[in-house]
Amino acid sequence: MAILGIDIGGSGIKGAPVDTNTGTLLAERIRVETPQPATPEAVADGVVEIARHFKWEGSIGCGYPGVVKHGRTLSAANVDAGWVNLDAEHLLTQKTGCRVTLINDADAAGLAEMRFGAGMNNPNPVMMLTIGTGIGAALFVNGHLVPNLELGHLIIRGKDAEDRASDRIRLEKELNWRQWAKRFNEYLAYLDLLFSPDLYILGGGVSKRFDKYKEFLQANAEIVPAKMLNEAGIIGAAMNAVEHETH
């Protein structure tokens, strides 16, 4: 089944049509800059631009960097505060003229990795972490998602974890990989304490550079890069839209 998957991030909005039976992209993905400020109307225009690029008329699955419940966006860490308590599914459906289904972006990436990627057929507790402008987290127990954890906002040394160990912070502070990994290991230790997963899957912007820092990582679980790298969010958002169509 072909669904347009779109991943809204703090710095870019990415999208491509997805074959949800195989988890593959049906065309080369495109990326538009996330508008600043990232107001709902401005971001919706970016989503429309991607839909028009593919001349899309079918269903759209969209990943959003915050809490999503019943189509409403309840938090807005790396986008404009106008998203808080917004019926975002309705706005995006209205703007695109297509049926849009929303899901937390890390949850979307996790769905893709559990179905087609590094977490496939793993019944143990698995934590998917997406590392980019912020840090997203998705927990799976026996293959089932625990939605909207937003663990990038755990407090470490008086700051949100993502304000210490995201890829954005690595770049802003010009940290080398060893320095960044030291910060990220603190975060992993906190997750170990709270959730004791058996596997961490690292996605987002840093996933394709895993070889640069893997030797510096430490946790009480196996750590692997996402097999779908930075495309997991697009694929999982499309998969979620199919789930909603069949229920």
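Hydrogens, waters and symmetry mates play no part in the numbers below; they use all other heavy atoms, side chains included. Predicted model only: the values in this text are computed from it and were never measured.
More than 12 heavy-atom neighbours from other residues, nucleotides or ligands sit within 6.0 angstrom of NE2 on His53.
Residues Ala77 and His153 come closest through the heavy atom pair CB-CE1, 3.3 Å. Considering all non-hydrogen atoms of both residues, Leu111 and Gly236 come closest at CD1-O, 4.1 Å. Residues Gly233 and Asp7 come closest through the heavy atom pair CA-OD2, 4.0 Å. For Ala81 against Ala76, the heavy-atom pair with the smallest separation is CA-CB, 4.3 Å. Across every non-hydrogen atom of Ala106 and Ala138, the tightest pair is O-CB, 3.5 Å. Across Leu149 and Ala137, no two heavy atoms sit closer than the pair CB-O, 4.2 Å.
Through direct or relayed side-chain contacts under 4.5 Å between Ile, Leu, Val, Met, Phe, Trp and Tyr, Leu171 connects to no other residue. Other residues sharing the hydrophobic cluster of Met120, ordered by chain and number and joined by side-chain separations under 4.5 Å: none, the residue standing alone. Connectivity analysis of hydrophobic side chains (ILVMFWY, heavy atoms under 4.5 Å, direct or indirect) links Val68 to Leu4, Ile6, Ile8, Ile13, Ile30, Val32, Val43, Val47, Ile50, Phe54, Trp56, Ile60, Tyr64, Val79, Trp83, Leu86, Leu91, Leu92, Val100, Leu102.
Taking the side chain as every heavy atom from C-beta outward, Phe116 and Met239 approach each other to under 4.5 Å. At least one side-chain heavy atom of Leu25 sits less than 4.5 Å from a side-chain heavy atom of Ile235. Side-chain atoms of Leu191 and Leu154, non-hydrogen and from C-beta on, do get closer than 4.5 Å to each other. Contact annotation: the side chain of Leu74 never approaches that of Val84 to less than 4.5 Å [non-hydrogen atoms, C-beta and beyond]. At least one side-chain heavy atom of Ile169 sits under 4.5 Å from a side-chain heavy atom of Arg183. At least one side-chain heavy atom of Arg29 sits less than 4.5 Å from a side-chain heavy atom of Ile234. Two residues are said to be in side-chain contact when any heavy atoms from C-beta on lie closer than 4.5 Å; Lys173 and Gln179 fail this criterion.
With rounding to the nearest 0.5 Å, the separation of OH in Tyr187 from CZ in Phe184 is 7.0 Å. The structure places CG of Asn240 at 6.5 Å from OG1 of Thr101, a figure rounded to the nearest 0.5 Å. With values rounded to the nearest 0.5 angstrom, Asp167 atom CG is found 9.5 Å from Ser207 atom OG. Note that the CD1 atom of Ile135 and the CD atom of Glu150 stand 11.5 Å from one another [nearest 0.5 Å]. Expressed to the nearest 0.5 Å, how far CG of Leu145 lies from CG of Leu139 amounts to 8.0 Å. Note that OG1 of Thr24 and CE of Met228 are 9.0 Å apart. Values are rounded to the nearest 0.5 Å.
Residue pairs meeting the side-chain hydrogen bond (donor to acceptor under 3.5 Å, both in side chains) criterion with at least one partner in residues 106-124, sequence neighbours excluded, are Asn122-Asn124. Pairs passing the side-chain hydrogen bond (donor to acceptor under 3.5 Å, both in side chains) check and including a residue from residues 39-50, sequence neighbours excluded, read Glu41-Lys95, Asp45-Lys95. Pairs passing the ring-ring contact (aromatic ring centres under 6.0 Å, His included) check and including a residue from residues 201-233, sequence neighbours excluded, read Trp177-Tyr213, Trp180-Tyr213, Phe210-Tyr213. Sorted pairs that involve residues 221-238 and meet side-chain hydrogen bond (donor to acceptor under 3.5 Å, both in side chains), not counting sequence neighbours, are lacking altogether.
Under 4.0 Å is where a charged nitrogen must lie from a carboxylate oxygen, and between Glu215 and Arg178 no such pair does.
Follow the hydrophobic side-chain contacts under 4.5 Å out from Val224 and you never reach Leu217; the two are in separate clusters. Ile223 and Val206 end up in the same hydrophobic cluster when Ile, Leu, Val, Met, Phe, Trp and Tyr side chains are linked at under 4.5 Å. Hydrophobic clustering (ILVMFWY, side-chain heavy atoms < 4.5 Å, transitive): Ile156 and Leu175 are in one cluster.
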Show the atom names and distances, to 0.1 Å, of all donor-acceptor pairs under 3.5 Å that link a side chain in residues 193-203 to residues at least two apart or in another chain.
| from | atom 1 | to | atom 2 | distance (Å) |
| --- | --- | --- | --- | --- |
| Ser196 | OG | Asp192 | O | 3.2 |
| Tyr200 | OH | Leu188 | O | 3.4 |
| Tyr200 | OH | Asp192 | N | 3.3 |
| Tyr200 | OH | Asp192 | OD1 | 2.6 |

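Taking the side chain to side chain donor-acceptor pair (under 3.5 Å) definition, one finds that Asn185 meets it with nothing, sequence neighbours left out. The side-chain contact (heavy atoms from CB on, under 4.5 Å) check on Met114 picks up Val126, Phe140, with sequence neighbours excluded. Residues passing the side chain to side chain donor-acceptor pair (under 3.5 Å) test with Ser75, sequence neighbours excluded: none. Remark: Glu174 engages no residue in a salt bridge (charged side-chain N to carboxylate O under 4.0 Å, His left out) (not counting sequence neighbours).
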Determine whether Glu172 and Arg170 satisfy the following criterion, salt bridge (Lys or Arg N to Asp or Glu O under 4.0 Å), listing intermediate values before the conclusion.
CA-CA 6 Å; Glu172 281 177 11; Arg170 179 184 70 81; over 6 Å; no

Would Glu89 and Arg72 count as a salt bridge (Lys or Arg N to Asp or Glu O under 4.0 Å) if you check the C-alpha gap in whole Å, the side-chain angles of each, and the deciding distance to 0.1 Å?
CA-CA 7 Å; Glu89 259 182 23; Arg72 300 189 84 85; over 6 Å; no

Side chain to side chain contact (heavy atoms under 4.5 Å, CB included) evaluation trace for Thr130 with Met128:
CA-CA 7 Å; Thr130 56; Met128 172 86 192; 4.0 Å; yes

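In this model, no donor atom of one side chain and acceptor atom of the other lie less than 3.5 Å apart for Asp80 and Gln36.
A donor-acceptor pair is defined here as one N or O able to donate and one able to accept, closer than 3.5 Å; no such pair exists between the side chain of Asp160 and the backbone of Glu162. Checked by atom type and distance alone, the side chain of Thr34 pairs as donor or acceptor with a backbone atom of Gly9 at under 3.5 Å.
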